There are 2 protein chains.
Amino acid sequence: MEKFSAIYTDLYQLSMAQVYFEKGHQDHDAVFDYFFRKLPFEGGYAVFAGMEDLLGIISNLRFSEEDLEYLKEQGFKEAFLEYLKNFKFNGTIYSSREGDVVFPTRPVLQVEANIIEAQIIETILLNLLNFQTLIATKASRIRLVAGDAKLLDFGLRRAQATGGYYASRAAMVGGFNGTSNVIAGKEFGIPVSGTMAHSFIQSYDDELEAFRDFAEGRPKNCVLLVDTYDTLKSGVPNAIKVAKEMEARGDKLLAIRLDSGDLSYFAKNSRKMLDDAGLEYVKIAASNQLDENVIKSLLEQQAPIDVFGVGTNLVTGDPDGALDGVYKLSWSNGKPRIKISESIVKVTLPHKKQVFRIKDKNNRCIGADAVGLRDQNHIGEMFHPFEPYKSMKIDDYEQEPLLKKVMENGKVLIEKRSLAEISEYSLSRLSELPIEYKRFNNPHIYKIGISTQLREEREKLIQSHKNSLK
Amino acid sequence: MEKFSAIYTDLYQLSMAQVYFEKGHQDHDAVFDYFFRKLPFEGGYAVFAGMEDLLGIISNLRFSEEDLEYLKEQGFKEAFLEYLKNFKFNGTIYSSREGDVVFPTRPVLQVEANIIEAQIIETILLNLLNFQTLIATKASRIRLVAGDAKLLDFGLRRAQATGGYYASRAAMVGGFNGTSNVIAGKEFGIPVSGTMAHSFIQSYDDELEAFRDFAEGRPKNCVLLVDTYDTLKSGVPNAIKVAKEMEARGDKLLAIRLDSGDLSYFAKNSRKMLDDAGLEYVKIAASNQLDENVIKSLLEQQAPIDVFGVGTNLVTGDPDGALDGVYKLSWSNGKPRIKISESIVKVTLPHKKQVFRIKDKNNRCIGADAVGLRDQNHIGEMFHPFEPYKSMKIDDYEQEPLLKKVMENGKVLIEKRSLAEISEYSLSRLSELPIEYKRFNNPHIYKIGISTQLREEREKLIQSHKNSLK
């Protein structure tokens with residue numbers, strides 16, 4: 001949809017970059033960790049999304065002449081602007097696979113680059129990964145309760161402006177089947193889908209006539225919206241009439257859509273009316289302020305709904321609105337770095353790191369990821385990152401390294417998968433996760449541990465900062 | 001930032017449009033009302049935003065060759081695609097002024113066009129107006145509690161992807177003073193602002209050295225982040241040292257920024273340390289999960305904070321996520337149209353309409369808007385739209401018509417104002433609103449009424465639909 005510019009960033013990235021440049025720090029190496037602290041929706045996992053798309057965006061980030069002109073007006077200096085003219089991200093990125101289930105505290109992705117390049121991409125990286133991970137996680141929760149029902153994203157009109165474009169993509173990663181959003185369909189190869197609006201029917205003097213015209217125009221793909229005037233007295237009877245007329249022409253009505261009222265009540269009564277008319281094949285689609293809770297309840301009531309159109313609550317990630325993902329410096333200028341905080345859970349993990357998923361001999365995830373130094377390839381014991389007296393021996397378990405090099409010196413290393421492939425991968429990873437972590441309410445808490453070496457390295461840095469304050 | 005394509009829409013708009021085209025309805029006239037049903041944030045008003053920008057976008061919407069190719073693959077037919085090749089919005093739009101305070105039920109904007117053009121722009125109109133009105137309203141609430149403090153949008157990293165771009169614009173409409181978002185700054189002419197990140201300090205072995213380098217690089221515009229290691233033991237003392245060094249060079253430290261811990265406690269203690277060092281001029285900025293409630297509380301505690309940086313909660317419109325704005329057909333093919341619903345509050349208002357703000361002789365808004373037919377220029381009595389036994393005589397009041405023609409036959413009629421002008425207008429309109437409607441909690445409910453004529457017209461349409469169901 002759009003070409004991103006390198007000024008899709010926060011001003012302070014450029015302010016800091018100019019100081020780095022003037023002080024000769026532009027070639028200092030830096031490692032930043034992308035991670036989040038809290039799972040959204042009080043759920044037991046998150047679905048990592050946005051990464052593969054982001055790599056392409058990052059590798060194409062440049063400052064245009066117009067951008068540089070603007071920055072000059074903002075007071076940036078000539079020599080630095082000259083440097084930005086040749087800006088290109090030349091760094092290396094290690095990342096979890098897009099679609100994998102991810103958890104708080106542990107790095108989801110690591111950026112290794114000179115400090116200026118690493119800072120400039122921070123904002124766009126957070127912006128796109130935080131949002132898509134939020135929405136893919138929401139979509140995955142909806143998929144888990146919806147079973148085999150078809151799930152469609154109808155959210156564009158209530159989306160947070162152009163954010164809706166990425167919401168449609170992320171919904172697919174989390175297990176949706178299609179979208180009403182035409183531009184996202186085109187750009188991301190998402191199946192597009194749609195029915196009709198009330199306005200279509202209102203624009204006719206008569207509902208039946210509107211249905212007839214619509215059915216004639218869409219013989220193979222007709223969904224009739226039945227609640228404009230009166231669902232059971234007018235909409236469904238008229239839809240049945242038109243379905244019979246379609247049958248006479250050798251066509252089949254695909255579905256009716258319910259968009260108001262008690263969806264369980266109307267679905268059951270509509271189903272009966274359709275079945276009594278010999279229209280067992282006509283499906284029922286439902287929409288109207290749906291989310292995972294409403295869908296779960298509808299299916300528990302055995303509402304015969306085959307297709308759910310989910311809008312606002314999906315694309316805005318209601319009620320959370322944002323994933324709290326951050327990007328923290330863990331290494332620079334040849335040394336591990338740490339951020340101290342009064343709150344222990346905000347003290348960062350220094351160093352270049354690797355993350356392992358801990359599995360039993362049958363390759364079943366035991367519900368734990370362990371973080372070690374990057375050159376460790378097996379962890380004997382893992383410690384709670386904030387309560388170090390809690391530990392667990394994991395020496396005998398299988399340990400799957402999760403961070404893979406996906407970009408090197410600015411070049412994308414992985415082959416781009418289709419959204420369908422990413423979604424399938426996500427479902428397979430989700431299926432490896434024990435059911436307790438997928439429970440809808442109060443899920444089991446997935447364990448995150450750090451290795452002895454990482455714990456000791458962190459402890460050393462904390463002590464040295466304490467000493468410097470004396 | 002981007003050029004919008006006409007496929008920035010829901011698929012069903014195009015499906016319906018094809019049927020209209022094939023049935024020869026493409027020249028049927030249609031009027032759609034844009035309105036919302038519920039005020040966000042349990043507030044007493046909303047700030048209308050996005051409209052002036054939207055007009056430019058709508059007037060430039062086209063289908064590219066590539067778009068048409070894509071639609072062909074989706075099964076759209078040649079003759080219709082040929083029609084879309086020449087698509088251009090040629091309609092007329094009546095609208096409230098951007099920045100005005102607006103209320104539920106009454107039309108905020110009316111689109112009058114042939115039915116195909118009116119449908120195709122529906123999605124982008126809802127997408128951009130719903131979101132920007134939500135965020136401008138949130139920003140306005142924050143402005144109301146923040147008094148004269150400077151308010152900066154820091155939200156891009158947690159924004160809903162590219163939605164952050166429009167959030168920065170809307171924040172200005174609602175009364176913010178600037179943004180960290182460089183691309184929004186450039187495109188919308190918003191003052192950009194920013195400080196430094198923890199990573200800058202962490203990348204040095206020593207906080208003081210980091211502060212010194214930053215201050216040297218930004219002699220006129222230096223804000224130092226003081227909470228990386230220990231706010232009162234390290235950050236503020238180092239900032240004071242650097243401020244004194246700046247003074248010796250003839251420069252002045254602009255501010256310090258607090259980003260963690262108890263902001264009231266740290267602001268008071270930092271203020272005292274700065275003042276004791278003779279640095280009364282150094283301001284204090286605060287950030288970290290702020291919203292109108294936190295800012296209100298901080299100011300009630302008399303925390304000496306001069307600048308608030310607001311991120312996530314502003315740009316995602318937390319906790320509401322979306323404004324429930326809709327676009328409903330009120331006229332087509334020469335006749336008024338209505339949507340019936342089991343829920344009376346969802347029955348729409350038919351006809352081409354005008355909205356009046358009711359004012360006393362001193363030009364003070366009395367807390368009511370009345371909706372009449374478009375050719376009415378004064379309303380004698382207004383009726384509650386859903387409880388018709390409630391009415392109010394307004395004959396003796398001033399009545400300000402609110403919907404002005406802003407686009408005619410696809411041509412923008414109004415001169416584009418700067419965001420600063422829109423924001424100023426918004427504040428002036430807000431000042432005309434009695435204080436009860438601006439109360440933070442449980443505000444007074446603004447009255448919306450409909451004229452006798454509109455009530456009778458609606459009643460007729462409801463009756464005729466009732467009769468058709470018999």
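Everything numeric here is computed off the predicted structure, so don't read it as measured data.
Between chain A and the residues B:K328, B:E66, B:K233, the largest count of heavy-atom pairs under 4.5 Å involves B:E66. Contacts with chain A were tallied for B:G163, B:A170, B:S260, B:A30; B:G163 has the most, counting heavy-atom pairs under 4.5 Å. No other option in B:K346, B:E216, B:K220 has as many heavy-atom pairs under 4.5 Å with chain A as B:E216. With chain A as partner, the option from B:S180, B:G194, B:G75 having the largest number of non-hydrogen pairs under 4.5 angstrom is B:S180. Annotation: maximal heavy-atom pairing with chain A below 4.5 Å, among B:N333, B:L128, B:T195, occurs at B:T195. Taking B:D213, B:D206, B:N221, B:T312 one by one and counting their heavy-atom pairs under 4.5 Å with chain A, the maximum is reached by B:D213. Counting heavy-atom pairs closer than 4.5 Å to chain B, the top residue among A:H28, A:Q132, A:K335 is A:K335.
Looking at A:N130, its side chain never comes within 3.5 Å of a backbone N or O of B:R158 through a donor-acceptor pair. Of the possible donor and acceptor atoms, one in the side chain of B:T162 sits under 3.5 Å from a partner among the backbone N and O of A:T162. Without hydrogens or angle criteria, A:Q160 side chain to B:A159 main chain gives no donor-acceptor distance under 3.5 Å. Counting only distance, with no hydrogens or angles, the side chain of B:D10 and the backbone of A:F154 share no donor-acceptor pair below 3.5 Å. With hydrogens and angles disregarded, a donor-acceptor distance shorter than 3.5 Å links the side chain of A:R337 to the backbone of B:Q202.
Interface remark: A:I201 contributes no atoms to any contact with chain B (heavy atom separation under 4.5 Å). At a 4.5 Å heavy-atom cutoff, A:N313 makes no contact with chain B through either its backbone or its side chain. Residue A:L71 touches chain B through its side chain alone, counting heavy-atom pairs closer than 4.5 Å. Heavy atoms closer than 4.5 Å to chain B are found nowhere in A:L129, neither backbone nor side chain. Only the side chain of A:V19 comes within contact range of chain B, judged by heavy atoms closer than 4.5 Å. For B:Q289, no part lies near chain A; criterion is any non-hydrogen pair under 4.5 Å. Residue A:V223: no heavy atom, backbone or side chain, is found under 4.5 Å from chain B. Within the 4.5 angstrom heavy-atom criterion, only backbone atoms of A:S193 (N, CA, C, O) approach chain B. Of the two parts of A:Q74, only the side chain, counted from C-beta on, holds a non-hydrogen atom closer than 4.5 Å to a non-hydrogen atom of chain B. Only the side chain of B:L14 comes within less than 4.5 Å of a heavy atom of chain A; its backbone N, CA, C and O stay farther away. Residue contact with chain B, scored on non-hydrogen atoms closer than 4.5 Å, involves the side chain of A:Q119 exclusively. Looking at A:E207, neither its backbone nor its side chain comes within 4.5 Å of chain B, counting heavy atoms on both sides.
For the pair A:R218 and B:S15, the minimum side-chain heavy-atom distance is below 4.5 Å. In this structure, B:T316 and A:T316 have side chains that are not in contact, with every pair of non-hydrogen atoms separated by 4.5 Å or more. Counting only heavy atoms from C-beta outward, the side chains of A:Y70 and B:V192 approach each other to under 4.5 Å.
In this structure, A:S5 and B:I183 approach most closely via the heavy-atom pair CB-CD1, 4.3 Å. Minimum heavy-atom separation, A:K339 to B:T228: NZ-O, 4.0 Å.
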Take B:S203 and A:S332 through the test side-chain hydrogen bond (donor to acceptor under 3.5 Å, both in side chains) and record every step on the way to the result.
CA-CA 6 Å; B:S203 81; A:S332 96; 4.7 Å; no
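Salt-bridge formation is detected for the pair A:K186/B:D67: a Lys NZ or Arg NE/NH1/NH2 atom is positioned less than 4.0 Å from an Asp or Glu carboxylate oxygen.
Note: B:Y204 and A:Y20 have parallel aromatic rings, judged against thresholds of 30 and 60 degrees for the angle between ring planes.
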